[in-house]
**Student:** 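The structure that follows is given in the form of structure tokens.
In what follows, chains are A, B, ... by sequence order, proteins preceding strands, each numbered from 1.
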Number of protein chains: 2
Amino acid sequence: MDATRWLDEREDRAWRGYRRMRRLLDLELARELTQDAGLSEADYDVLSDLSETPQGRLRLRELADRMLWSRSRLSHHLTRMQQRGLVTREECADDARGSIVVLTPAGRQAIESAAPGHVAAVRRHLIDLLTPAEIDALGALTHRVVDHLGGRAPHPRHDLEI
Amino acid sequence: MDATRWLDEREDRAWRGYRRMRRLLDLELARELTQDAGLSEADYDVLSDLSETPQGRLRLRELADRMLWSRSRLSHHLTRMQQRGLVTREECADDARGSIVVLTPAGRQAIESAAPGHVAAVRRHLIDLLTPAEIDALGALTHRVVDHLGGRAPHPRHDLEI
DNA sequence: CTAGATTCGATGACATGTCAACGAAACCTC
DNA sequence: GAGGTTTCGTTGACATGTCATCGAATCTAG
């Protein structure tokens, strides 16, 4: 009915820039991570989230939620990481359905040796290119969008409308 | 040797926000696109880039470069889109190796009917949440990062070092 | 308690992306 | 213009992600 509000020049510039940056940054960070540490970004994120907990252990469900991954995806991925000795699974004491993902010593070693290089890459290709004001703006704006999208939305809602 | 410069609080907030926004925005835009138009984001991007050319036709190589996709990936994807009748391939007159990707009427129909809803979603979940200053800042900052990463870098370089 | 609904994680089938290799064509450069 | 190199697009093998389904365990009403 009413005409589409297309993006004006500035909006288009921001939107295209965002998507292009997203892609290039991903390629570069993934490339360096693989080359320097033998980890994929997915591996890194799993290990990173695990290592941020006091015990290096998390319920699978909890980890999936934090990462905004499906449990299926995480389960598959953990199987592969387990085969490489980076994590193990343990039974959950208080919920017999559950399983607990545990960082192995090798996994901790992997993330600890990968982290400095990865942070350096993030700085080199993003953070250090921005002014303090831009960093704050990026923080503010991204968090606003995250809140809007319901940052906690655990799982793909099946809002069966109509 | 020298200590890692970890991200300070503001930098960390920006970086985490960026990654979380990235993920949530992707999920939501992909979800709406699939539901409303039966297209994946990959489909949409291919059709969009094609439809931006005067004739709706592009050399495969050229399209792959614009999208920052590998030719292999694009070739596989085109095979699937071709089966759905969204694009076709034609021989290239001046280069017998090449192939030209051509938007079919159905493909043009698909992108034209999908675009308004997609743009609306981009507005709803991102653009319209930002102030004009933030939009400009995002445009500036992303383009700086893209330039830094060598926006033109056509293909994964095989810099064989040492 | 207990029947039904929900959550948890695993799994298999399948869609998609990556990687290495290939044949054909085009491009040097001598 | 012939030999070696590079580019182009395709292909097959494989890695990864998604989706539907499952069995088991837990939760919730009554």
**Student:** Hey, which sits more toward the 5' end of DNA chain C by its nearest nucleotide, A/Arg73 or B/Asp43?
**Tutor:** A/Arg73
**Student:** Of all the choices, C/dC19, D/dG9, C/dC8, which nucleotide is nearest to the side chain of A/Arg61 once you look at every atom?
**Tutor:** C/dC8
**Student:** When the nearest nucleotide of DNA chain D is assigned to B/Arg97 and to B/Leu78 on a heavy-atom basis, which residue is associated with the more 5' position?
**Tutor:** B/Arg97
**Student:** Would you mind reading off the distance between B/Arg71 atom CZ and D/dG9 atom P, rounded to a whole angstrom?
**Tutor:** 6 Å
**Student:** Quick check on C/dG9: is either OP1 or OP2 less than 4.0 Å from any side-chain nitrogen or oxygen of A/Arg89?
**Tutor:** no
**Student:** To the nearest angstrom, how far is B/Trp69 atom CH2 from D/dG9 atom C1'?
**Tutor:** 15 Å
**Student:** Within the modelled atom types, does a donor on one side and an acceptor on the other bring the side chain of B/Ser75 and the base of D/dT11 under 3.5 Å apart?
**Tutor:** no
**Student:** Measure CD/A/Gln83 against P/C/dA10 and give the value in whole Å, please.
**Tutor:** 13 Å
**Student:** How many Å lie between CG on B/Leu74 and P on C/dT16, as a whole number?
**Tutor:** 14 Å
**Student:** For A/Asp65 and C/dG9, what is the distance between atoms CG and C1' respectively, to the nearest whole Å?
**Tutor:** 13 Å
**Student:** Side chain of A/Ala96: nearest nucleotide among D/dT26, C/dC19, D/dG17?
**Tutor:** D/dT26
**Student:** If the threshold is 4.0 Å, N to carboxylate O, is there a salt bridge linking A/Arg13 and A/Glu9?
**Tutor:** no
**Student:** Between A/Ile100 and A/Leu27, just flag the one whose closest nucleotide in DNA chain C comes earlier from the 5' side.
**Tutor:** A/Ile100
**Student:** Below 30° counts as parallel, above 60° as perpendicular, anything between as tilted: where do the rings of B/His118 and B/Tyr44 land?
**Tutor:** tilted
**Student:** From the set C/dA13, D/dG9, D/dA13, return the single nucleotide nearest to any side-chain atom of A/His76.
**Tutor:** C/dA13
**Student:** Classify the angle between the aromatic ring planes of A/Trp69 and A/His77 as parallel (below 30°), tilted (30 to 60°) or perpendicular (above 60°).
**Tutor:** perpendicular
**Student:** Rounded to whole Å, please give me the gap between CG in A/Asp45 and C1' in D/dG17.
**Tutor:** 15 Å
**Student:** Got a salt bridge between A/Asp128 and B/Arg5, using NZ or NE/NH1/NH2 to carboxylate O under 4.0 Å?
**Tutor:** yes
**Student:** Nearest to the side chain of A/Asp95, heavy atoms from C-beta on, is which of D/dT26, D/dT10, D/dT7?
**Tutor:** D/dT26
**Student:** Nearest of C/dG17, D/dT10, C/dG9 to any side-chain atom of B/Ser72?
**Tutor:** D/dT10
**Student:** So what does A/Ser99 hit on the nucleic acid, given a heavy-atom distance under 4.0 Å: a base, only sugar-phosphate, or nothing?
**Tutor:** sugar-phosphate
**Student:** So does A/Arg59 get a side-chain nitrogen or oxygen closer than 4.0 Å to the phosphate oxygens (OP1/OP2) of C/dG9?
**Tutor:** yes
**Student:** Expressed in angstrom and rounded to an integer, what is the separation of A/Leu63 atom CG from C/dG9 atom P?
**Tutor:** 10 Å
**Student:** Roughly how many Å is it from NE2 in B/His77 to P in D/dG9, rounded to a whole number?
**Tutor:** 17 Å
**Student:** Cut-off 3.5 Å, side chains only: do B/Arg57 and B/Thr88 have a donor facing an acceptor?
**Tutor:** no
